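The structure displayed is predicted, hence computed values, not measured ones. To find a chain, count down the sequence lines: A is the first, B the second, and so on, and within it residues start at 1.
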2 protein chains.
Amino acid sequence: MTVDALTDVAGLRVGHATRSGEGWLTGTTVVLAPEGGAVASVDVRGGGPGTKETDALDPRNVVQRAEAIVLTGGSAYGLDAASGVMAWLAERGRGVRVGPDPAHVVPVVPAACVFDLGRGGNFGARPGAELGRAAAEAAGASTPGAPVPEGCVGAGTGAVAGGLKGGVGSASVVLDSGITVGALVVANPAGAVVQPETGALYGELFQGRVEYPARSVHEAARRRLAEAAARNAPPLLNTTLAVVATDAGLSKAQAQKLAGTAHDGIARAVRPVHLLNDGDTVFALATGARPLDEHPLALNEILAAGADLVTRAIVRAVRAAVPADGPGGTWPSYGELYGEPYGAR
Amino acid sequence: MTVDALTDVAGLRVGHATRSGEGWLTGTTVVLAPEGGAVASVDVRGGGPGTKETDALDPRNVVQRAEAIVLTGGSAYGLDAASGVMAWLAERGRGVRVGPDPAHVVPVVPAACVFDLGRGGNFGARPGAELGRAAAEAAGASTPGAPVPEGCVGAGTGAVAGGLKGGVGSASVVLDSGITVGALVVANPAGAVVQPETGALYGELFQGRVEYPARSVHEAARRRLAEAAARNAPPLLNTTLAVVATDAGLSKAQAQKLAGTAHDGIARAVRPVHLLNDGDTVFALATGARPLDEHPLALNEILAAGADLVTRAIVRAVRAAVPADGPGGTWPSYGELYGEPYGAR
């Protein structure tokens with residue numbers, strides 16, 4: 001029984017903390033590894049990244065496993081959310097043991113942020129340690145294998161995708177080998193997720209034959225978007241974030257390769273991407289429950305699946321998003337403009 | 001007057017050397033910078049790269065400019081082609097001066113290879129210094145702004161793209177700012193360039209509304225490809241190579257960013273990509289004839305164009321390829337299977 005989400009990778013849990021209203025439109029999402037952590041790495045491709053504890057994930061460095069990954073709104077300020085997750089983990093004795101006392105641990109909690117400052121109207125309303133803690137608590141309280149709430153929740157609360165409302169999306173697949181791969185994204189890119197000539201979602205072009213939206217629908221949508229864009233402050237900074245995970249046993253270097261190729265999945269759903277005002281960052285987690293075949297190319301199917309899942313998770317994020325209209329701006333949703341899914345899923 | 005090719009970037013010339021028949025099906029392509037070289041960098045994303053002089057292009061290292069870029073068949077053996085290009089340049093006094101004698105130069109000639117060993121039937125028939133020299137001579141003898149021969153020439157002679165014949169493609173654009181960006185690719189990927197559900201070229205999905213090939217055409221094509229694949233040795237290694245160039249003034253670090261985002265263009269045309277058996281490598285060249293605006297995001301339009309041009313150059317490579325059928329294998333061409341362009345270009 002799978003739920004087509006990151007939580008299909010056994011042992012991983014996801015928790016969101018969401019704040020909206022009264023100047024807020026932001027939040028934090030935590031991906032919680034099993035006790036003892038998961039092998040972790042990262043690949044940063046955006047030109048304007050905001051990250052914490054990513055150097056520790058370099059395959060040459062000593063740390064092998066992360067206890068949690070934090071994705072957060074609030075730009076670089078929002079990275080404070082990771083401190084709340086660290087505290088929550090430390091209280092439970094989870095982290096790298098650094099002394100004889102079992103309570104003396106340092107949890108490895110890499111984090112990356114999206115830019116959403118001011119989207120709720122108050123530039124200072126951004127996640128801190130308390131929101132990180134709330135997201136960790138939500139993850140810890142969730143049932144194993146639970147569905148992942150998508151759309152405008154957690155770190156996707158204030159997300160915007162090229163003028164449309166963005167959000168959180170997730171997807172998973174079980175490969176023929178029995179290995180599970182999952183992805184979770186926060187879609188907040190500077191580039192477009194919608195093909196300007198047709199109104200199709202770029203990411204759906206990759207999922208088989210699409211029926212393009214009717215021209216009249218697309219023209220009306222473009223007018224609505226242009227009106228909204230004229231009212232909004234031009235977006236300065238953006239970012240797509242992702243966590244790609246598998247139950248396969250990967251080395252840290254293999255996890256880094258997986259994080260790198262997952263960026264191809266962003267490229268297929270967002271055009272242009274990895275710009276100087278995007279901080280696009282992908283984390284990879286491997287729980288190691290299933291050994292990877294020893295064939296030198298065995299990793300390939302996981303790489304291919306990871307990229308495809310990121311594309312699909314971005315589509316789901318955009319399709320799950322709901323319109324936002326408040327003091328910080330107006331962002332229509334794709335569903336509002338184009339209706340329900342029109343083509344292959 | 002432009003020719004929609006890399007040579008639209010003023011000062012760049014392209015030369016091919018091609019060998020086919022009698023066991024051969026390979027070649028070398030040289031991109032020749034203007035005298036004094038062009039600012040150069042590289043981004044290697046494939047899991048099985050074969051390269052030479054790429055470490056010199058790291059933005060932290062001393063070399064700033066390359067005299068030429070060599071793309072070659074012959075896997076790692078074929079990197080010898082660069083030696084012939086170095087000799088040709090050195091004879092002309094081109095390179096980094098390393099002594100009082102103007103003839104004492106070391107030309108910077110980074111190179112990358114594609115795997116095409118044995119595709120002509122003879123595993124040992126691969127480019128060496130003489131083929132590199134021939135390609136350099138062809139480049140040097142070419143008219144500035146000349147069209148670039150595409151398809152099964154130069155380093156694309158033995159290229160295969162997911163069972164179809166691959167090759168060389170090129171494209172260019174002049175941006176509103178007046179900056180020219182161009183790309184040249186050698187399309188030899190392990191992944192597919194054709195969407196398996198529809199027969200459309202992935203890269204063309206990004207160019208506006210496509211008319212998908214008729215189902216009967218696609219089914220016949222799939223049968224033909226399956227028959228050919230059953231006769232051929234399974235491809236062990238692959239690779240897509242590209243050179244992206246601009247007449248803008250870029251630092252080496254900016255050129256590296258351009259090389260990195262150009263990989264997004266490969267991801268849109270090839271799925272999956274950057275696998276362990278791909279050596280996907282992109283070089284970037286900047287001649288510096290036009291200053292780049294000082295706005296911190298001014299590079300973005302060049303990044304976006306570079307990725308788009310790589311996608312389009314891959315489409316052109318596949319569309320320009322002709323079928324190959326010989327002792328090393330059978331590779332139908334896209335044009336043979338699907339006919340002339342069916343959709344937006």
Checklist entry - What residue, out of A/Ala267, A/Pro272, A/Gly47, has the most heavy-atom pairs lying under 4.5 Å from chain B? => result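 Of the candidates given, the most pairs with chain B belong to A/Ala267.
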
Checklist entry - If you count heavy-atom pairs under 4.5 Å between each of A/Leu205, A/Leu299, A/Val270 and chain B, which one has the most? => result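 Most heavy-atom pairs under 4.5 Å with chain B: A/Leu205.
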
Item to check | Nearest heavy atoms of B/Ala313 and B/Ala183, plus distance in Å | outcome: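 In terms of heavy atoms, the two residues are closest at CB-O, 4.5 Å.
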
Checklist entry - Which atom pair, heavy atoms only, marks the closest approach of A/Ala242 to A/Val310? => result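 Looking at all heavy atoms of both residues, the closest pair is CB-CG2, 4.3 Å.
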
Between chain B and chain A, identify all donor-acceptor pairs below 3.5 angstrom, including backbone and side-chain atoms.
{"from": "B/Arg45", "atom 1": "O", "to": "A/Lys257", "atom 2": "NZ", "distance (Å)": "2.8"}
{"from": "B/Gln195", "atom 1": "NE2", "to": "A/Leu205", "atom 2": "O", "distance (Å)": "2.8"}
{"from": "B/Leu205", "atom 1": "O", "to": "A/Gln195", "atom 2": "NE2", "distance (Å)": "2.8"}
{"from": "B/Val210", "atom 1": "N", "to": "A/Tyr212", "atom 2": "OH", "distance (Å)": "3.1"}
{"from": "B/Tyr212", "atom 1": "OH", "to": "A/Val210", "atom 2": "N", "distance (Å)": "3.1"}
{"from": "B/Lys257", "atom 1": "NZ", "to": "A/Arg45", "atom 2": "O", "distance (Å)": "2.8"}
{"from": "B/Lys257", "atom 1": "NZ", "to": "A/His274", "atom 2": "O", "distance (Å)": "2.8"}
{"from": "B/Asp264", "atom 1": "OD1", "to": "A/His274", "atom 2": "ND1", "distance (Å)": "2.9"}
{"from": "B/Asp264", "atom 1": "OD2", "to": "A/His274", "atom 2": "ND1", "distance (Å)": "2.6"}
{"from": "B/Ala267", "atom 1": "O", "to": "A/Arg268", "atom 2": "NE", "distance (Å)": "2.6"}
{"from": "B/Ala267", "atom 1": "O", "to": "A/Arg268", "atom 2": "NH2", "distance (Å)": "3.1"}
{"from": "B/Arg268", "atom 1": "NE", "to": "A/Ala267", "atom 2": "O", "distance (Å)": "2.6"}
{"from": "B/Arg268", "atom 1": "NH2", "to": "A/Ala267", "atom 2": "O", "distance (Å)": "3.1"}
{"from": "B/Arg268", "atom 1": "NH2", "to": "A/Val270", "atom 2": "O", "distance (Å)": "2.8"}
{"from": "B/Val270", "atom 1": "O", "to": "A/Arg268", "atom 2": "NH2", "distance (Å)": "2.8"}
{"from": "B/Arg271", "atom 1": "NE", "to": "A/Asp308", "atom 2": "OD1", "distance (Å)": "2.8"}
{"from": "B/Arg271", "atom 1": "NE", "to": "A/Asp308", "atom 2": "OD2", "distance (Å)": "3.4"}
{"from": "B/Arg271", "atom 1": "NH2", "to": "A/Asp308", "atom 2": "OD2", "distance (Å)": "2.7"}
{"from": "B/His274", "atom 1": "O", "to": "A/Lys257", "atom 2": "NZ", "distance (Å)": "2.8"}
{"from": "B/His274", "atom 1": "ND1", "to": "A/Asp264", "atom 2": "OD1", "distance (Å)": "3.0"}
{"from": "B/His274", "atom 1": "ND1", "to": "A/Asp264", "atom 2": "OD2", "distance (Å)": "2.6"}
{"from": "B/Leu276", "atom 1": "N", "to": "A/Asn300", "atom 2": "OD1", "distance (Å)": "2.9"}
{"from": "B/Asn277", "atom 1": "OD1", "to": "A/Asn300", "atom 2": "ND2", "distance (Å)": "2.7"}
{"from": "B/Asn300", "atom 1": "OD1", "to": "A/Leu276", "atom 2": "N", "distance (Å)": "2.9"}
{"from": "B/Asn300", "atom 1": "ND2", "to": "A/Asn277", "atom 2": "OD1", "distance (Å)": "2.8"}
{"from": "B/Asp308", "atom 1": "OD1", "to": "A/Arg271", "atom 2": "NE", "distance (Å)": "2.8"}
{"from": "B/Asp308", "atom 1": "OD2", "to": "A/Arg271", "atom 2": "NE", "distance (Å)": "3.4"}
{"from": "B/Asp308", "atom 1": "OD2", "to": "A/Arg271", "atom 2": "NH2", "distance (Å)": "2.7"}

Next on the checklist: Walk me through whether B/Val244 and B/Leu309 qualify under side chain to side chain contact (heavy atoms under 4.5 Å, CB included).
Outcome noted: CA-CA 8 Å; B/Val244 177; B/Leu309 290 169; 6.0 Å; no

Next on the checklist: Can you tell me which residue among A/Ile266, A/Val44, A/Leu258, A/Val185 is in a side chain to side chain contact (heavy atoms under 4.5 Å, CB included) with A/Val282?
Outcome noted: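 Exactly one candidate clears the test, A/Ile266.
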
Checklist entry - Are B/Val194 and B/Leu225 close enough, and set up right, to give a side chain to side chain contact (heavy atoms under 4.5 Å, CB included), and what steps lead you there? => result CA-CA 11 Å; B/Val194 175; B/Leu225 278 171; over 6 Å; no

Checklist entry - Any side-chain heavy-atom pair from A/Leu297 and B/Leu275 closer than 4.5 angstrom? => result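 Answer no - side chains too far apart.
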
Item to check | Side-chain heavy atoms of B/Leu292 within contact of B/Ile179, under 4.5 Å | outcome: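 In contact.
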
Item to check | Which portion of A/Pro296 sits near chain B, non-hydrogen atoms under 4.5 angstrom | outcome: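 Backbone only.
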
